[in-house]
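These notes concern the structure reproduced below.
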Amino acid sequence: MPELPEVETVRRGLAPVLVGAKLIRVEQRRPDLRFPFPADFIARLQGQRIEALDRRAKYLLMRLSSGETLLMHLGMSGRFLIETADDSGKNPQKPGYFYQNTDLSVKHEHVVFHTEEGHRIGYVDPRRFGFMDLIPQDGCDEAPWLRDLGVEPLSNHFDAVVLQRVLAGSKAPLKSALLDQKRIAGLGNIYVCEALHRAGLSPLRVAGTLSGTSAKARQRSDALALAIRTVLQEAVAAGGSSLKDFAAADGSLGYFQHAFRVYDQEGAACPVQGCSGVVERQVQAGRSTFYCARCQT
DNA sequence: CTCACATCCTGGATGC
DNA sequence: TGCATCCAGGATGTGA
């Protein structure tokens, strides 16, 4: 579930259950995910009260009463499964929640949080590209995971001028530059493709061409900054995107995938009014890029 | 420094 | 049905 809108959706789903709750028991089912769990992981969590649940880029940050922060990254396939004490598995699904205890979610449930309030929150991650760490709350922006992250695209600190600055001098393809978390934090493959299409910009264009003082560069960076904000806002409002993997097990109700204009739409007509192009797929830096070569220039 | 690429891991879809 | 192959939302470390 891993781009910014999906992580934000998870945060909003978990917050009502976790914020203010006390962790009375934590289970750790294996020594590592993508990386080893930190030393004394269980002991540093059990007994802590959760004071807040924040998000930075694609990271979830659980603020603990001990003064530490539990940092969690969902990788490609990480998700949370929430059950309440009186939940016999028949409760209706709620946005951002994953209820069904399928074989897959049991087999790949690596961490379980039990709260004093009677909730059981399982972390399920088949591919184990996710990870967890404990970092100090004071100066947590200086933690290695967060230190080099770029601007938060939904914050007030992001606009066309900032976009021009972070792309200045880059000879990388625009698509690759936007995926670079050091420049803008939180974009992934889907929303980069979608934002570029909305802005009418080619993923193959040299990123640095959006910088500079020409009217064209200004116009392009304006369009892209707006497209990035808009697509992320719409996706967050839709509860993120639920993709086809683990379809039977996936209890997510995010529905932004129905609003994709180019992502995973190879061969479809370009949805731009008056454009006669067809959505193409091209591999860039080892990953699929979807775009319309006619209206994205 | 910047960029392209392989790599970690598992499961699903597709093709023979 | 079985098996091989390819693909997937991410990010890091390497080597050029």
Side-chain angles (χ1 to χ4, degrees), chain A residues 1-10 29-36 55-60 71-80 96 98 102-110 123-133 143-150 166-195 203-208 211 231-232 235-236 238-250 252 254-257 259-260 262-266 281-290:
Chain A
M1 300 245 8
E3 299 185 42
L4 187 156
E6 289 74 35
V7 178
E8 178 61 20
T9 297
V10 169
R29 300 269 170 79
R30 48 175 302 127
D32 55 43
L33 293 172
R34 178 170 184 185
F35 305 113
R55 178 189 59 75
R56 170 75 169 105
K58 303 173 191 174
Y59 293 90
L60 286 171
L71 172 148
M72 300 181 283
H73 195 291
L74 305 181
M76 298 262 260
S77 59
R79 47 203 71 199
F80 289 95
F98 305 92
T102 62
D103 290 347
L104 264 187
S105 65
V106 170
K107 181 177 173 188
H108 297 290
E109 189 176 63
H110 307 307
Y123 176 70
V124 178
D125 187 358
R127 287 180 76 177
R128 302 205 304 275
F129 280 14
F131 55 90
M132 298 187 186
D133 196 8
W145 306 117
L146 308 179
R147 193 176 45 204
D148 299 324
L149 288 175
V166 301
L167 296 179
S170 173
K171 296 207 277 189
L174 188 51
K175 159 92 183 300
S176 305
L178 294 177
L179 283 175
D180 182 353
Q181 303 298 297
K182 296 185 192 66
R183 301 179 197 269
I184 302 175
L187 293 176
N189 207 35
I190 292 176
Y191 296 106
V192 165
C193 290
E194 292 296 313
L204 308 174
R205 163 183 288 277
V206 172
S211 297
V231 73
L232 291 178
V236 168
S241 304
S242 312
L243 296 197
K244 59 184 177 227
D245 61 337
F246 317 114
D250 194 339
S252 164
Y255 52 87
F256 192 74
Q257 66 276 13
F260 290 164
V262 288
Y263 184 82
D264 206 22
Q265 306 298 312
E266 183 179 16
R281 173 180 176 271
Q282 178 170 336
V283 174
Q284 270 184 296
R287 309 189 62 188
S288 291
T289 296
F290 298 90

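Chain A is the first sequence line, chain B the second, and so forth, proteins listed ahead of strands; every chain is numbered from 1. Values in this document were obtained by computation on a predicted structure and should not be read as measured data.
A:R56 pairs by the salt bridge (Lys or Arg N to Asp or Glu O under 4.0 Å) definition with A:E152, not counting sequence neighbours.
Within the structure, a side-chain polar atom (N or O) of A:R281 is placed less than 4.0 Å from OP1 or OP2 of C:dA8. Regarding contacts with the backbone of B:dC1, every side-chain N or O of A:K171 stays at 4.0 angstrom or more from both OP1 and OP2. Side-chain nitrogen and oxygen atoms of A:S77 include none within less than 4.0 Å of the OP1 or OP2 phosphate oxygen of B:dG11. Contact between the side-chain N/O atoms of A:H108 and the OP1/OP2 oxygens of B:dG11 is found at a separation under 4.0 Å.
In this structure, the CG atom of A:L204 is 15 Å from the C1' atom of B:dA4, given to the nearest Å. A:L74 has its CG atom 17 Å from the C1' atom of B:dC8, to the nearest Å. Rounded to an integer number of Å, the gap from CG of A:D180 to C1' of B:dA4 is 13 Å. For the pair A:L167 CG and B:dT2 C1', the computed distance is 14 Å after rounding to whole Å. The nearest whole Å value for the distance from the CG atom in A:D125 to the P atom in B:dT10 is 11 Å.
Under the 30°/60° scheme for interplanar angles, the aromatic rings of A:W145 and A:Y59 are found to be tilted.
Using a 4.0 Å heavy-atom cutoff across all strands shown, A:R183 reaches sugar-phosphate atoms only and no base atom.
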> What do the steps show when you test A:T289 against A:V192 for side chain to side chain contact (heavy atoms under 4.5 Å, CB included), and what is the final call?
Replying inline: CA-CA 9 Å; A:T289 296; A:V192 165; over 6 Å; no
> Which parts of nucleotides 10-16 of chain C does protein reach within less than 4.0 Å, heavy atoms only, written one letter per nucleotide 5' to 3' as B for base, S for sugar-phosphate only and - for none?
Replying inline: BBS----
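Only the P atoms considered, B:dA6 is 13 Å distant from C:dC6, to the nearest whole Å.
The main-chain N or O of A:A57 is found under 3.5 Å from a side-chain atom of A:R55 such that the two form a donor-acceptor pair.
Tested against A:Y191 for a side-chain contact (heavy atoms from CB on, under 4.5 Å), the candidates A:L179, A:V231, A:L4, A:L178 yield a single pass: A:V231.
Under the Watson-Crick and G-U wobble criteria, each requiring two contacts below 3.5 Å, nucleotide B:dG11 is paired to C:dC7.
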